[in-house]
K.L.:
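Before I ask anything, here is the structure I am working with.
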Amino acid sequence: MKFIKLTLLLFLISGFAYAQKWEVGKTYTDDEKWTEFIVGDLPLIISVPHGGAVTLPDALRDCKGAVTVTDSRTIELAKEIEKAFVAKYNARPFIIISNISRKNVDQNRDMAEGTCGNKAMEKPWNQFHNYIDTALALATKKFGKAIYIDLHGHGHTKQRLEVGYLLKAEELRSLDAKDNKQVAKSSVANLLATVKSFDLEQLLVGPNAFGTLMAQQGIDAVPSKQDKAPLEDDKYFNGGYNTVRYTSNKYPNVFGWQIESHYKGVRDAEGRPAFAKAFVDVMGSYFKTYLNKSF
């Protein structure tokens with residue numbers, strides 16, 4: 001029954017996405033401007049759930065285990081990436097941004113945990129995820145397949161991108177392209193299900209893997225060919241609710257990953273332009289290799 005309801009919801013959202021005229025490059029928001037939706041024209045959707053600073057003192061999350069830390073400058077990083085795409089390709093990804101603080105709503109958790117049961121926060125939670133659904137519907141209709149990236153920031157000791165494909169560190173250390181459980185669990189399962197010439201190791205640590213290409217640009221990343229897996233004592237984020245949801249089999253034409261970015265050289269003011277340029281170069285190559293599209 002739950003699957004039927006979700007399928008119906010996705011159908012209705014898709015219908016809404018197609019019915020409304022969305023203008024490329026325009027930013028749409030809710031009335032409170034808690035959520036932004038920048039309409040793109042590339043098969044790439046970037047969501048930024050934890051960069052918001054708008055705080056509502058009367059609606060703070062106080063349930064057990066609630067994490068409220070901000071991923072600082074991730075909104076600025078996403079917009080720098082948009083700027084770099086426009087400069088190189090005169091095209092842009094779809095970008096969905098939560099401007100409301102994680103102290104009020106966590107957009108990378110399910111509704112119950114993300115709102116801590118506060119009914120007032122269900123509206124922004126729904127708005128953020130409805131915009132993602134709309135972006136995915138528009139992108140997959142136009143391009144067939146789309147890449148979804150959930151953009152975050154970390155404060156771990158090792159200064160590198162942590163690329164989360166939903167596999168734990170220990171699974172990356174024993175990565176096996178023939179392990180059907182690892183393949184099915186991964187956030188690239190939908191691509192592997194439709195393009196049999198690719199395999200899991202190729203996508204995560206091969207010469208054309210996202211992490212590998214970023215490392216070649218001078219931005220260390222794990223997993224990659226250069227750094228295949230976190231060590232036992234390393235901290236590592238492998239992906240959260242959004243990555244699980246939007247790369248699941250309910251979105252069969254979507255695959256992607258979570259990015260946990262370090263601060264210096266990536267999110268800081270000095271590093272953002274160079275990182276954005278490197279990211280755009282890498283994604284241009286990635287589109288060509290894995291989507292067979294050039295821009």
Side-chain angles (χ1 to χ4, degrees), residues 1-17 28-37 45-75 78 94-137 148-155 162 164 166 168 185 187 235-251 254 256-260:
M1 181 63 69
K2 183 182 287 187
F3 176 78
I4 294 173
K5 288 182 178 178
L6 179 58
T7 302
L8 177 59
L9 176 62
L10 294 176
F11 175 78
L12 292 173
I13 290 171
S14 296
F16 172 70
Y28 297 83
T29 70
D30 50 4
D31 293 338
E32 299 85 358
K33 297 186 178 179
W34 288 340
T35 311
E36 293 181 42
F37 175 34
I45 293 86
I46 301 173
S47 59
V48 190
H50 293 158
V54 176
T55 303
L56 308 176
D58 295 332
L60 297 177
R61 295 172 66 233
D62 60 358
C63 55
K64 184 178 179 180
V67 179
T68 58
V69 65
T70 300
D71 291 352
S72 61
R73 306 303 180 193
T74 47
I75 293 175
F94 295 83
I95 301 176
I96 299 90
I97 293 168
S98 177
N99 288 316
I100 195 167
S101 173
R102 197 179 183 188
K103 294 177 181 178
N104 297 116
V105 61
D106 190 331
Q107 302 289 21
N108 191 31
R109 300 289 190 274
D110 64 25
M111 182 187 286
E113 186 178 356
T115 65
C116 283
N118 187 329
K119 292 291 185 182
M121 290 297 98
E122 290 183 4
K123 179 183 176 182
W125 190 94
N126 278 316
Q127 186 69 77
F128 183 82
H129 291 282
N130 286 346
Y131 277 150
I132 295 176
D133 275 316
T134 297
L136 291 172
Y148 171 72
I149 294 177
D150 202 33
L151 182 62
H152 296 260
H154 73 76
E162 297 172 10
L166 303 180
K168 296 179 180 179
K185 182 181 178 181
S187 59
K235 291 184 177 180
Y236 170 71
F237 290 119
N238 68 324
Y241 171 84
N242 292 343
T243 308
V244 172
R245 172 174 172 170
Y246 295 112
T247 66
S248 72
N249 58 15
K250 296 179 180 65
Y251 298 81
V254 180
W257 51 87
Q258 176 176 293
I259 293 178
E260 287 280 352

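Throughout, residue positions are numbered sequentially from 1 according to the sequence presented.
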K.L.:
With sequence neighbours excluded, what pairs up with Y236 under the ring pair (Phe, Tyr, Trp, His ring centres under 6.0 Å) test?
P.N.:
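Testing Y236 for ring pair (Phe, Tyr, Trp, His ring centres under 6.0 Å), a comparison that skips the adjacent residues, returns none.
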K.L.:
Not counting sequence neighbours, which residues clear side-chain hydrogen bond (donor to acceptor under 3.5 Å, both in side chains) with T68? List them please.
P.N.:
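With sequence neighbours excluded, T68 shows a side-chain hydrogen bond (donor to acceptor under 3.5 Å, both in side chains) to no residue whatsoever.
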K.L.:
Could you note down all residue pairs passing salt bridge (charged side-chain N to carboxylate O under 4.0 Å, His left out) where residues 65-74 supplies at least one of them, sequence neighbours left out?
P.N.:
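Of all non-adjacent pairs touching residues 65-74, those that pass salt bridge (charged side-chain N to carboxylate O under 4.0 Å, His left out) are R73-E76.
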K.L.:
For K235, which residues count as a side-chain hydrogen bond (donor to acceptor under 3.5 Å, both in side chains) partner, sequence neighbours excluded?
P.N.:
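Not a single residue meets the side-chain hydrogen bond (donor to acceptor under 3.5 Å, both in side chains) criterion with K235.
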K.L.:
For the backbone of N99 and the side chain of E36, can you confirm whether one donor and one acceptor N or O come within less than 3.5 Å of each other?
P.N.:
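Not a single qualifying donor-acceptor pair exists.
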K.L.:
Residues in side-chain hydrogen bond (donor to acceptor under 3.5 Å, both in side chains) with S47, at least two apart?
P.N.:
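Once residues adjacent in sequence are excluded, the partners of S47 under the side-chain hydrogen bond (donor to acceptor under 3.5 Å, both in side chains) criterion are Y148, D150.
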K.L.:
Determine which pairs satisfy salt bridge (charged side-chain N to carboxylate O under 4.0 Å, His left out) with at least one residue from residues 104-115, sequence neighbours left out, and list them in order.
P.N.:
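Non-adjacent pairs meeting salt bridge (charged side-chain N to carboxylate O under 4.0 Å, His left out): R102-D106, D106-R109, R109-E113.
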K.L.:
The criterion is side-chain hydrogen bond (donor to acceptor under 3.5 Å, both in side chains); which residues satisfy it with K103, sequence neighbours excluded?
P.N.:
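With sequence neighbours excluded, K103 shows a side-chain hydrogen bond (donor to acceptor under 3.5 Å, both in side chains) to no residue whatsoever.
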K.L.:
For W34, give me all partners under ring pair (Phe, Tyr, Trp, His ring centres under 6.0 Å), at least two apart in sequence or on another chain.
P.N.:
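Residues passing ring pair (Phe, Tyr, Trp, His ring centres under 6.0 Å) with W34: none at all.
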K.L.:
Could you note down all residue pairs passing salt bridge (charged side-chain N to carboxylate O under 4.0 Å, His left out) where residues 48-64 supplies at least one of them, sequence neighbours left out?
P.N.:
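Applying salt bridge (charged side-chain N to carboxylate O under 4.0 Å, His left out) to every pair that reaches into residues 48-64, excluding sequence neighbours, yields nothing.
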K.L.:
Kindly write out the residues that satisfy side-chain contact (heavy atoms from CB on, under 4.5 Å) with T70, not counting sequence neighbours, or none if the list is empty.
P.N.:
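Per chain and number, T70 pairs via side-chain contact (heavy atoms from CB on, under 4.5 Å) with no residue.
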K.L.:
Within the distance-only criterion (no hydrogens, no angle test), does the side chain of S187 pair as donor or acceptor with the backbone N or O of G256 below 3.5 angstrom?
P.N.:
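Such a contact is found between S187 side chain and G256 backbone.
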K.L.:
Suppose we screen for ring pair (Phe, Tyr, Trp, His ring centres under 6.0 Å). Which residues come up paired with F94, at least two apart in sequence or across chains?
P.N.:
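Result, ring pair (Phe, Tyr, Trp, His ring centres under 6.0 Å) vs F94: none returned.
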K.L.:
By salt bridge (charged side-chain N to carboxylate O under 4.0 Å, His left out), which residues pair with K33, not counting sequence neighbours?
P.N.:
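So K33 forms no salt bridge (charged side-chain N to carboxylate O under 4.0 Å, His left out) with any residue.
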